[in-house]
Amino acid sequence: MSKYNFTSVNARYHTGSAKWNEIGQYLPDCEDDIVPFSVADMEFETAPEIREGLKKYIDTYVLGYANMTDAFKESVCGWMKRRHGWEIEPEWIISSQGIIHAFFTAVHAYTKPGEGVMLMTPVYYPMYHAVNNNHRVLVENRLINRGGRYEIDWEDFEAKAKDPNTKLLILCSPHNPSSRVWTVDELTRIGRICIDNDVVICSDEIHFDIVSPGYQHTVFATISEEFAEHCLVCTAPSKTFNLAGLQTSNIIIPNKELRDKFYEIQCTECTNPKCNILGYEANRIAYNECEQWMEECLDVIQTNYHMVVDFMAKEFPAVTITPLEGTYLLWMDFNGLGIEYKELARILRVEAELFFDDGYIFGEPGQGFERWNLACPTRYVEEGLERMKAALKK
């Protein structure tokens with residue numbers, strides 16, 4: 001029996017949520033029970049331990065400037081060891097307002113304008129911004145879609161890593177949007193190629209706790225001490241516990257030279273890099289007290305995943321669904337329906353009242369795809385499927 005409530009949704013109209021405000025842009029008179037499935041945050045109630053813990057904290061402490069406390073660092077170290085088998089030192093942790101901020105900082109720290117940053121595409125769209133907006137050269141390693149499952153084009157990857165202008169790889173692990181959980185062999189090959197060619201690895205592992213049954217996430221730095229010395233691992237409680245609004249991430253950099261350079265750029269950009277005082281405390285509570293909440297959340301995501309797969313196989317067999325290995329983001333290929341990709345997006349929003357992240361925002365290889373956020377009470381997923389059926393059957 002579930003201990004927690006994963007059946008209710010608190011509508012976020014007029015709260016500053018771009019995810020929810022998008023509904024009003026397309027459907028001004030939309031019913032309140034239409035839930036968006038787009039931006040990667042959850043439509044579940046916050047874990048009660050976090051809610052009650054933050055209330056107590058506000059009643060007890062002054063909300064002034066704050067740095068990481070020993071208790072905060074211990075919670076991060078404990079989570080990494082308990083959940084991921086990685087023993088880290090507290091001094092390896094640098095806090096960041098978010099993972100996006102972290103890989104922007106990595107681009108500034110480890111590359112110069114005109115140098116190359118490699119991305120494995122289609123990929124999380126802010127990574128493109130980190131490269132292009134900072135006048136670096138996008139080095140695109142396109143993943144190979146084999147019947148719905150994505151694989152690495154190794155010949156292309158190695159050729160581009162060998163280019164002396166390529167200085168940094170931003171690795172998305174688990175991969176967003178394809179949901180691939182890279183195997184130890186794949187990560188080892190990635191690391192070996194990058195290290196042999198002096199390419200720094202910035203491993204974005206924000207989804208590392210959200211892995212489907214039968215798969216095992218491997219933190220990049222755990223493969224070997226050599227790998228740990230050539231990378232930074234970007235982690236956060238924000239996806240696992242839906243705490244993105246508290247803007248607290250943990251960037252773990254074992255190599256002191258890489259760590260000092262990262263911090264130097266942080267201080268250059270904002271002079272006094274600190275995170276949200278409530279974010280530190282919510283992170284501590286989540287990692288110390290909320291594992292059961294996370295496990296129940298993962299069960300709901302799996303229920304939703306299997307519901308969508310079964311429904312689409314029956315009603316729309318021409319739609320190819322990428323197996324959900326990790327994340328709560330389902331990557332769906334609608335190209336088999338023969339609908340132009342922008343018209344597909346219009347039909348889904350306006351006629352089906354379904355709000356996904358359109359695949360083309362993840363790069364050209366994503367045209368005709370949609371990304372469905374499954375972190376939502378099951379009944380809303382079920383209702384969304386029925387609306388899709390009604391609209392697309394026209």
Side-chain angles (χ1 to χ4, degrees), residues 22-23 26-27 34-40 119-125 128 140-153 156 172 174-182 207 212 214-215 301-376 378 380-394:
E22 183 189 19
I23 298 176
Y26 290 90
L27 302 170
I34 297 298
V35 174
F37 304 114
S38 53
V39 177
L119 304 178
M120 298 158 67
T121 65
V123 75
Y124 181 48
Y125 49 90
Y128 295 104
E140 186 178 8
N141 171 237
R142 288 198 177 187
L143 298 172
I144 301 170
N145 185 350
R146 296 195 189 280
R149 187 175 187 270
Y150 285 78
E151 298 178 2
I152 298 168
D153 183 338
D156 180 75
C172 197
H175 188 266
N176 173 12
S178 79
S179 86
R180 272 302 315 277
V181 174
W182 305 117
H207 292 278
S212 296
Y215 298 92
I301 292 165
Q302 284 300 304
T303 296
N304 293 344
Y305 166 53
H306 291 294
M307 175 185 291
V308 174
V309 169
D310 292 345
F311 183 94
M312 298 303 288
K314 178 182 177 183
E315 301 292 344
F316 299 102
V319 175
T320 301
I321 298 179
T322 297
L324 187 71
E325 298 184 7
T327 81
Y328 49 72
L329 306 168
L330 192 60
W331 190 233
M332 307 172 68
D333 181 357
F334 285 79
N335 284 293
L337 297 181
I339 304 173
E340 191 271 336
Y341 69 95
K342 290 190 176 179
E343 174 63 7
L344 172 69
R346 186 201 67 79
I347 291 170
L348 291 174
R349 287 192 183 96
V350 177
E351 298 187 29
E353 299 182 331
L354 285 169
F355 291 83
F356 301 138
D357 272 334
D358 299 322
Y360 63 84
I361 70 174
F362 299 92
E364 185 181 337
Q367 291 181 0
F369 288 72
E370 298 290 334
R371 193 190 72 172
W372 189 328
N373 178 345
L374 298 175
C376 180
T378 300
Y380 293 98
V381 175
E382 188 172 20
E383 291 169 3
L385 287 168
E386 291 299 331
R387 295 199 304 276
M388 179 188 291
K389 178 181 176 179
L392 291 181
K393 289 293 185 182
K394 291 181 180 179

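Summarising the geometry of Ala40 relative to Arg371, their closest heavy-atom pair is N-NH2, 3.7 Å, with the distance given to 0.1 Å. Closest heavy-atom contact between Tyr128 and Gly363: OH-CA, 3.6 Å. Summarising the geometry of Phe316 relative to Leu337, their closest heavy-atom pair is CD2-CD2, 4.5 Å, with the distance given to 0.1 Å. Nearest heavy-atom pair, Val350 versus Leu27, reported as atom, atom and distance to 0.1 Å: O-CD2, 3.9 Å.
Among residue pairs with one or both ends in residues 307-316, those qualifying as salt bridge (charged side-chain N to carboxylate O under 4.0 Å, His left out) are Glu315-Lys389, Glu315-Lys393; sequence neighbours excluded.
Asn373 contributes a side-chain N or O that, together with a main-chain N or O of Val39, makes up a donor-acceptor pair within less than 3.5 Å. Distance alone, capped at 3.5 Å, is enough to place a donor-acceptor pair between the Asp333 side chain and the Asn335 backbone. Put simply, the side chain of Ser179 never gets that close to the backbone of Leu329: no donor and acceptor are under 3.5 Å apart. Between the side chain of Trp182 and the backbone N or O of Cys172, at least one donor-acceptor pair lies under 3.5 Å. Between the side chain of Thr322 and the backbone N or O of Gly148, at least one donor-acceptor pair lies under 3.5 Å. Within the 3.5 Å criterion, the main-chain N or O of Pro122 finds a donor-acceptor partner in the side chain of His175. Side-chain atoms of Tyr305 come within 3.5 Å of backbone N or O of Leu324 as a donor-acceptor pair.
The environment of Glu340 atom CD is dense: over 12 non-hydrogen atoms of other residues, nucleotides or ligands sit within 6.0 angstrom.
With Phe362 as the partner, the ring pair (Phe, Tyr, Trp, His ring centres under 6.0 Å) test is satisfied by one option alone out of Tyr124, Phe356, Phe369, Tyr125: Tyr125.
Counting only heavy atoms from C-beta outward, the side chains of Val381 and Phe311 never approach each other to under 4.5 Å. The side-chain heavy atoms of Glu22 and Ser38, taken from C-beta on, include a pair separated by under 4.5 Å. A 4.5 Å side-chain heavy-atom check between Glu370 and Asp358 finds at least one atom pair inside the cut-off. At least one side-chain heavy atom of Ile23 sits under 4.5 Å from a side-chain heavy atom of Phe355. The closest side-chain heavy-atom distance from Ile339 to Phe334 is not below 4.5 Å.
Taking OG1 of Thr121 as the reference point, atom CG of Asn141 lies at 7.0 Å (rounded to 0.5 Å). Interatomic distance, Cys376 SG to Glu383 CD, rounded to the nearest 0.5 Å: 9.0 Å. Here the straight-line distance linking atom CG of Leu348 with atom CZ of Phe37 works out to 11.5 Å at 0.5 Å rounding. Residue Met312 holds its CE atom at 9.5 Å from OG1 of Thr320, rounded to the nearest 0.5 Å. Atom CG of Asp156 is separated from atom CE of Met120 by 10.5 Å, given to the nearest 0.5 angstrom. From Ile144, atom CD1 reaches atom CD1 of Ile152 across 9.5 Å, with rounding to the nearest 0.5 Å.
Within the cation-pi definition used here (under 6.0 Å to the ring centroid, within 45° of the axis), Arg180 does not qualify as a partner of Tyr150.
For the residue pair Thr378/Asn304, the side-chain donor-acceptor check at 3.5 Å is satisfied.
Ion pairing between Arg387 and Glu351 fails under the 4.0 Å rule for side-chain N and carboxylate O.
Among residues two or more places apart in sequence or in another chain, the side chain to side chain donor-acceptor pair (under 3.5 Å) test is passed with Tyr380 by none. Residues passing the salt bridge (Lys or Arg N to Asp or Glu O under 4.0 Å) test with Glu353, sequence neighbours excluded: none.
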